Amino acid sequence: MEEFSQSPDRSHWATHYRLKGFEQSGESVQKELIHYLESAWSRKFDRVLPQGTPEERLAQWQSELERPKEDADTGLVRNDLIERMVDRSNKLHDPRYAGHQVAVPFPELAWLQAATSLLNNGMAIDEMGPASSPMEEAVMRSIAHFMGLGPDANGVLCHGGTLANLTALLAARQRRYPGNAWRDGTSKPCALLVSDQAHYCVARAAQVMGWGEAGVLKVATNDQHQMDSEALVQVFQEAKNRGVEVLAIVGSACTTSSGSFDDLEMMADFSEQHGLWFHVDGAHGAAQIFSKTHSMVLKGMERADSIAMDFHKMLGVPALCTGLFYRNGQDGYAAFSHEANYLYESQEEEWWNFSKRTFECTKRMLSAAVYGIWENHGPDLWESLVDRLIENAQAFARAVDQRPGWELFNHPNSNIVCFRSTQFDNDALRRQMIDQGPYYLVKTVFGRQTWLRCTFQNPLTQEEDFMGLEAIGQELPQG
Ligand SMILES: Cc1ncc(COP(=O)(O)O)c(C=O)c1O
């Protein structure tokens, strides 16, 4: 034993498991991140999205990778790695960020993430996550009840909305297919109903399940991108006539491109009438359930069999962290029925062995941020965050609407705003915005028309932050 503890080993592993090194690297990372936040909050960055083509950026990182190694004793990674990453990353904390739908994380959560990275409890089974498993179970039960899903509701956390949607649809297949689909596969053609504006991951899920393109019954939408109820009846009937087993209907709450909410009440009625599984892809907008003002658009969601909600979109939690909720918590076990004798002592439904309900075997301690916020604030913090983001989007939309030469796609019910210039070429306009900085917006295409798209993710965004937008484009030829 003496020999073991006194080991004179000076190899790299020993160097990198030292308290002093941990303390020093912590201090320097903290300094770097504080500097990043200060710069972002005082709008010091030239542009939110750094310039450079993918190839130029790759060349830079590649050439740095090929430099001579630093003395390995100085630290696990080069001293300037974080500085380079900050410098070359999209600056989400800059109040002028209104790009994609990723959360601008509450900075404090970075330390919580650091703690869970260090603890690294895997969570496949209870023994691997003796703290994080009950934390997850407690907080998911509590949030599921808050969402109005009833006394048997429950849920799990997983790595992203894409995975949550696929998992929910696996449960749907197991519960609605006549036979044991998990064990025997499906011999009859199966399909789900979804609007033609849904996120691509819903179609991908059907195709992963082997249903092919024919397994995705796309229902036309109205001019507000909501599923058309008459088209729904028609598509469903045609599929039945072809002998297709229609197992599920998926509502978008909201659509990714335009922030439109399907009529979930209508879809709940339809699913009840036809014995379908009702899944709500609320990856982006289910978060509005926390807002008294902005939850009306989710009416009917409480009747869903399953709901996917990303905590890493509107709720300020670092990616990836998605809640998959079931009205009947037992349904969570239907998605996967694998026997894993080396892991489980019993084949029973045991909440504490999370890999029975998730794709992941090893899973990060995802519950820490969600539990921490829910324990200390309940729904209040998320309510004020959601309200703030949507109010910003609505204020911006009103301003666009009043300005000559600009057109609004719709008055937003979420934090996504689509708009376009009626004077300039919108693709060129966006390119110019990105090249000249500081703004960073994304674009989308409806029909053949390009629309500019903002997602107001940063609660520190002020009205003035977007006042200059209109001036951009003056140098461009008329579109
Ligand atoms: C409506 C919708 N569903 C699913 C997804 C996919 O979620 P994730 O990126 O967490 O996998 C997104 C992402 O933007 C989305 O907007």
Side-chain angles (χ1 to χ4, degrees), residues 90 92 97-105 155-170 172 192-208 216 218-219 221 224-227 248-264 267 278-289 297-298 301 304 306-325 358-360 363-364 366 369-370 386 389-390 393 409-410 412-418 441-446 451 453-457:
N90 206 343
L92 273 59
Y97 172 80
H100 287 282
Q101 295 159 276
V102 197
V104 176
V156 288
L157 289 168
C158 60
H159 287 87
T162 300
L163 211 52
N165 284 330
L166 173 55
T167 307
L169 292 168
L170 284 168
L192 55 82
L193 292 154
V194 69
S195 94
D196 61 11
Q197 290 296 324
H199 192 268
Y200 70 85
C201 71
V202 176
R204 187 178 279 188
Q207 289 174 286
V208 166
V216 188
K218 289 204 174 152
V219 181
T221 44
Q224 293 298 295
H225 285 180
Q226 297 172 301
M227 186 184 276
I249 181 166
V250 179
S252 299
C254 49
T255 60
T256 310
S257 56
S258 59
S260 307
F261 289 79
D262 274 332
D263 180 347
L264 302 179
M267 294 171 96
F278 178 30
H279 175 65
V280 174
D281 177 6
H284 185 88
Q288 292 180 213
I289 196 70
V297 282
L298 295 172
M301 185 171 83
S306 54
I307 302 166
M309 179 177 80
D310 282 353
F311 289 93
H312 62 260
K313 286 195 162 66
M314 285 180 92
L315 299 176
V317 170
L320 288 166
C321 186
T322 301
L324 170 55
F325 299 92
T358 58
F359 249 105
E360 296 96 328
K363 182 172 92 172
R364 288 177 64 102
L366 294 179
V370 177
V386 165
L389 301 182
I390 298 178
F409 177 74
N410 60 9
N413 286 319
S414 74
N415 59 338
I416 299 172
V417 185
C418 293
L441 323 174
V442 300
K443 67 170 189 175
T444 186
V445 177
F446 302 143
W451 290 74
R453 178 171 165 274
C454 286
T455 311
F456 286 83
Q457 288 288 134

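Along the sequence shown, residues are numbered consecutively beginning with 1. Keep in mind the model is a prediction, meaning the values are calculated, not measured. Atoms within each ligand, like the ligands themselves, are counted from 1 in listed order.
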Inset, instruction - Give a yes or no on whether the backbone of Gly161 and the side-chain of Thr322 come within a donor-acceptor separation of less than 3.5 Å. - result: yes
Inset, instruction - Collect the protein residues that have a non-hydrogen atom under 4.0 Å from ligand 1 and hand them over in chain and number order. - result: Gln101, Gly160, Gly161, Thr162, Asn165, His199, Cys201, Cys254, Thr256, Asp281, Ala283, Asp310, His312, Lys313
Inset, instruction - Examine the side chains of Ser258 and His225 and answer whether a donor and an acceptor come within less than 3.5 Å of each other. - result: yes
Inset, instruction - Check whether any side-chain N or O of Gln197 sits under 3.5 Å from a backbone N or O of Thr221 as a donor-acceptor pair, and report yes or no. - result: no
Inset, instruction - Please name all residues satisfying ring-ring contact (aromatic ring centres under 6.0 Å, His included) with Phe311, sequence neighbours left out, ordered by chain then number. - result: Trp382
Legend entry - Donor-acceptor contact present, side-chain Ser260 to main-chain Gln224, <3.5 Å: yes
Inset, instruction - Determine whether the side chains of Thr455 and Asn415 contain a donor N or O and an acceptor N or O closer than 3.5 Å. - result: no
